[in-house]
Protein chains: 2
Amino acid sequence: MDKSAGSGSGETLLFLTDEQLRKGIEAMFFAYRGFTADPDRILDQRGYGRAHHRALHFIHRAPGTTVNNLLSILGVTKQSLNRVLRSLIDDGLVESRIGREDKRERHLFLTPVGAEMERALSDAQRARMRAAYRAAGPAAVAGFRQVLEAMMDTEQRAQFQSLRDGGS
Amino acid sequence: MDKSAGSGSGETLLFLTDEQLRKGIEAMFFAYRGFTADPDRILDQRGYGRAHHRALHFIHRAPGTTVNNLLSILGVTKQSLNRVLRSLIDDGLVESRIGREDKRERHLFLTPVGAEMERALSDAQRARMRAAYRAAGPAAVAGFRQVLEAMMDTEQRAQFQSLRDGGS
DNA sequence: ATTTTATGTCAGCCTTGTTGACTTTCCAAG
DNA sequence: CTTGGAAAGTCAACAAGGCTGACATAAAAT
C-alpha cells in the first residue's frame with residue numbers, strides 16, 4: 001500500500017517520503033478540527049470557550065487538584081488559567097477549597113452544575129471518538145495511540161502516562 | 001491488551017469504555033501540542049503565528065490558489081485570513097496576483113523568501129512526524145491515518161481527500 | 001526572622017477569531 | 001445597455017485567550 005518497508009517492530013528504518021509525511025500533517029490538522037467541533041458548539045451556546053473545557057476536563061479527571069497542578073498540565077500561565085477559573089467559580093461550575101494541610105493551596109472540584117456541563121462536553125467528544133474508533137477497528141486504534149504517544153514531547157508524554165493509568 | 005472485541009474489519013461492534021475513549025481524547029490533546037511545538041518556536045522567533053503557518057502551508061501546496069479557496073480549506077472568515085495574508089504580502093513572503101480571467105480573484109504564490117520560511121516550518125514538523133512514524137512502525141501509521149480520517153467532519157474529510165492525492 | 005512557595009490580581013500587549021459595512025468586479029435579467 | 005445582485009476583497013472594531021511584568025498575601029520552610 002504505502003511505500004514503506006519494515007516488519008512493524010518500530011526498530012526498522014522506514015522510507016518516508018515528504019509526501020507521506022505531509023499527508024499525515026494535514027490529516028492531523030483536519031482531524032483536530034473535527035475533534036474539537038462538537039464541544040466547541042456546546043461551549044459557544046453557553047458562552048464559554050475551549051479553555052473552559054480543558055479546565056473542566058482535568059478537574060473532573062482529578063478532583064481536588066490544585067491550581068499549580070492544573071497549570072503544569074495545561075501548559076499556560078497562571079494569569080491565563082486564572083481568568084478562566086474565575087469565571088467558572090463565579091458561575092458556580094467549580095468550587096475552590098482552601099487546602100487543609102497546606103492552606104496556600106486551592107483544591108478544585110466540580111459542582112453538580114459543573115459536572116453536568118463537563119458530562120455534556122465529554123459525551124459529545126466521546127461520541128465522535130467512539131464512532132471513529134468503530135469505523136477504524138481495534139488494530140487501527142492501537143496504531144493511532146502509538147503514533148500519538150510518539151508525537152508528544154517528553155514532558156507531555158510523562159504527564160500523559162501518569163494520567164493515563166492513575167486516573168479513575 | 002485492551003478490553004475490545006472484534007476482528008478488525010471495522011464492521012464489528014467494539015466494547016469501548018469511557019476510560020479508553022478518555023485516553024484517546026487526552027492523547028489527542030497532548031499530541032497536538034507536540035505536533036505544533038516545533039513550528040511554533042520558529043514562528044515565534046520570526047514574529048509570526050500559527051495562522052501564518054497554515055496560510056504558507058496551503059499556498060505552498062497549491063500555488064496560485066485564490067483567497068476564497070484558502071478560506072474554505074482553513075475554515076476561518078475572510079477578514080481573519082486577510083489580516084494574516086496582508087502581513088505576509090507586506091513582508092514579501094507571499095505574492096498576490098490579480099486574476100487574468102476574473103479580476104476579482106487574487107492568486108497567491110510564495111516568493112523565494114516565503115518558500116524558504118515554509119521549508120523551515122515544514123522541515124521541523126516533518127522531522128517530528130517522521131520520528132513518530134519510525135518509532136511506531138508502519139502498521140501503526142496506517143491505523144493512525146484511518147482513525148484521524150474517521151474523526152473528521154464529512155466536509156473536512158472531502159477536502160482532505162481531494163488534497164490528499166491531487167497534491168504534488 | 002527571612003526566604004520561598006502557592007495563589008491571586010491589575011495592567012497591558014499580541015494573535016487570531018468574530019461581525020458589520022463598504023468597494024470593486026463580474027454576470028445575468030430585464 | 002443598464003441595473004441589480006453575487007462574489008472577492010478590504011477596513012474597522014470587538015472578544016477570547018494567550019503572554020509578560022509587577023505586586024500582594026498567606027503559609028510553609030529554613
Side-chain angles (χ1 to χ4, degrees), chain A residues 29 32-33 36-37 39-59 64-91 94-109, chain B residues 29 32-33 36-37 39-59 64-91 94-108 121:
Chain A
F29 171 69
Y32 199 77
R33 282 236 298 255
T36 56
D40 279 356
R41 264 187 293 273
I42 296 171
L43 289 159
D44 201 57
Q45 284 169 8
R46 312 201 187 187
Y48 294 103
R50 218 175 271 181
H52 300 88
H53 183 188
R54 293 195 283 263
L56 290 174
H57 175 97
F58 286 108
I59 294 172
T65 189
T66 64
V67 172
N68 233 6
N69 220 307
L70 208 48
L71 236 46
S72 69
I73 290 171
L74 296 177
V76 296
T77 59
K78 64 177 178 176
Q79 294 91 330
S80 225
L81 176 59
N82 198 255
R83 193 194 299 121
V84 166
L85 227 39
R86 188 152 12 106
S87 74
L88 291 173
I89 292 168
D90 289 351
D91 296 353
V94 167
E95 196 195 334
S96 165
R97 295 187 207 148
I98 292 177
R100 270 187 315 176
E101 308 218 330
D102 187 334
K103 290 179 190 161
R104 292 171 305 180
E105 294 180 339
R106 304 299 143 96
H107 298 278
L108 303 168
F109 300 88
Chain B
F29 171 69
Y32 199 78
R33 284 236 297 255
T36 55
D40 279 356
R41 266 188 292 272
I42 296 171
L43 289 159
D44 201 57
Q45 284 169 8
R46 311 202 189 187
Y48 294 103
R50 218 175 271 182
H52 300 88
H53 183 187
R54 294 197 281 263
L56 290 174
H57 175 96
F58 287 107
I59 295 171
T65 189
T66 64
V67 173
N68 228 11
N69 220 308
L70 210 48
L71 235 46
S72 67
I73 291 169
L74 296 177
V76 296
T77 58
K78 62 181 177 175
Q79 294 90 330
S80 211
L81 176 58
N82 195 255
R83 193 194 301 116
V84 166
L85 230 36
R86 175 132 315 283
S87 76
L88 292 173
I89 292 169
D90 290 351
D91 297 353
V94 167
E95 195 194 334
S96 164
R97 295 185 207 150
I98 293 176
R100 273 186 313 176
E101 310 217 329
D102 186 335
K103 289 179 191 162
R104 291 173 304 180
E105 292 180 340
R106 305 298 141 97
H107 298 276
L108 303 168
L121 292 168

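Computed from a predicted structure; not experimentally measured. All chains are named by letter (A, B, ...) in the order of the sequence lines, taking the proteins before the strands, and each is independently numbered beginning at 1.
With hydrogens and angles ignored, the 3.5 Å screen pairs no side-chain donor or acceptor of B/Arg50 with any backbone N or O of B/Pro39. Judged by distance alone, with hydrogens and angles left aside, the side-chain atoms of A/Ser72 form a donor-acceptor pair with the main-chain N or O of A/Asn69 at under 3.5 Å.
In this entry the distance linking NZ of A/Lys103 with C1' of C/dT5 reads 16 Å, nearest Å. What separates CD1 of B/Ile98 from P of C/dT23 is a distance of 18 Å, to the nearest Å. Atom CD in A/Glu101 sits about 15 Å away from atom C1' in C/dA6, given to the nearest Å. Nucleotide D/dG18 holds its P atom 13 Å from the CG atom of B/Asp40, rounded to whole Å. Across the protein-nucleic acid pair, A/His53 atom NE2 and D/dG17 atom C1' stand 16 Å apart, rounded to whole Å.
For the pair B/Ser96 and B/Arg106, the tightest heavy-atom approach, listed with the atom from each and the gap, is OG-CB, 3.5 Å. Listed here is the closest heavy atom pair of B/Leu74 and A/Phe29: CD2-CZ, 4.3 Å. The nearest pair of heavy atoms linking B/Lys78 to B/Leu71 is CB-CD2, 3.3 Å.
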Please tabulate the protein-to-nucleotide N/O contacts below 3.5 Å involving nucleotides 11-17 of chain C, giving atom names and distances.
residue: C/dT16; atom: OP1; partner: B/Arg50; partner atom: N; Å: 2.5
residue: C/dT16; atom: OP1; partner: B/Ala51; partner atom: N; Å: 3.0
residue: C/dT16; atom: OP2; partner: B/His52; partner atom: ND1; Å: 3.2
residue: C/dG17; atom: OP1; partner: B/Arg54; partner atom: NH2; Å: 2.4
residue: C/dG17; atom: N7; partner: B/Arg83; partner atom: NH1; Å: 3.3
residue: C/dG17; atom: N7; partner: B/Arg83; partner atom: NH2; Å: 3.1
residue: C/dG17; atom: O6; partner: B/Arg83; partner atom: NH2; Å: 2.5

Set out, line by line, the N/O atom pairs under 3.5 Å between protein and nucleotides 7-9 of chain D.
residue: D/dA7; atom: O4'; partner: B/Arg104; partner atom: NH1; Å: 3.4
residue: D/dA8; atom: OP1; partner: B/Asn68; partner atom: ND2; Å: 2.8
residue: D/dA8; atom: OP2; partner: B/Asn68; partner atom: ND2; Å: 2.2
residue: D/dA8; atom: O3'; partner: B/Arg104; partner atom: O; Å: 3.1
residue: D/dG9; atom: OP1; partner: B/Arg106; partner atom: N; Å: 2.6
residue: D/dG9; atom: OP2; partner: B/Asn68; partner atom: N; Å: 3.1
residue: D/dG9; atom: N7; partner: B/Lys78; partner atom: NZ; Å: 2.4
residue: D/dG9; atom: O6; partner: B/Lys78; partner atom: NZ; Å: 2.5

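Residue whose closest nucleotide on DNA chain D sits further toward the 5' end, between B/Ser96 and A/Arg100: B/Ser96.
B/His107 and B/Thr66 share no donor-acceptor pair across their side chains, judged by distance under 3.5 Å alone.
With respect to the salt-bridge test (charged N to carboxylate O, under 4.0 angstrom), the residues A/Glu95 and A/Arg97 qualify.
With a 4.5 Å cut-off on side-chain heavy atoms, B/Ile42 and B/Tyr48 do not count as touching.
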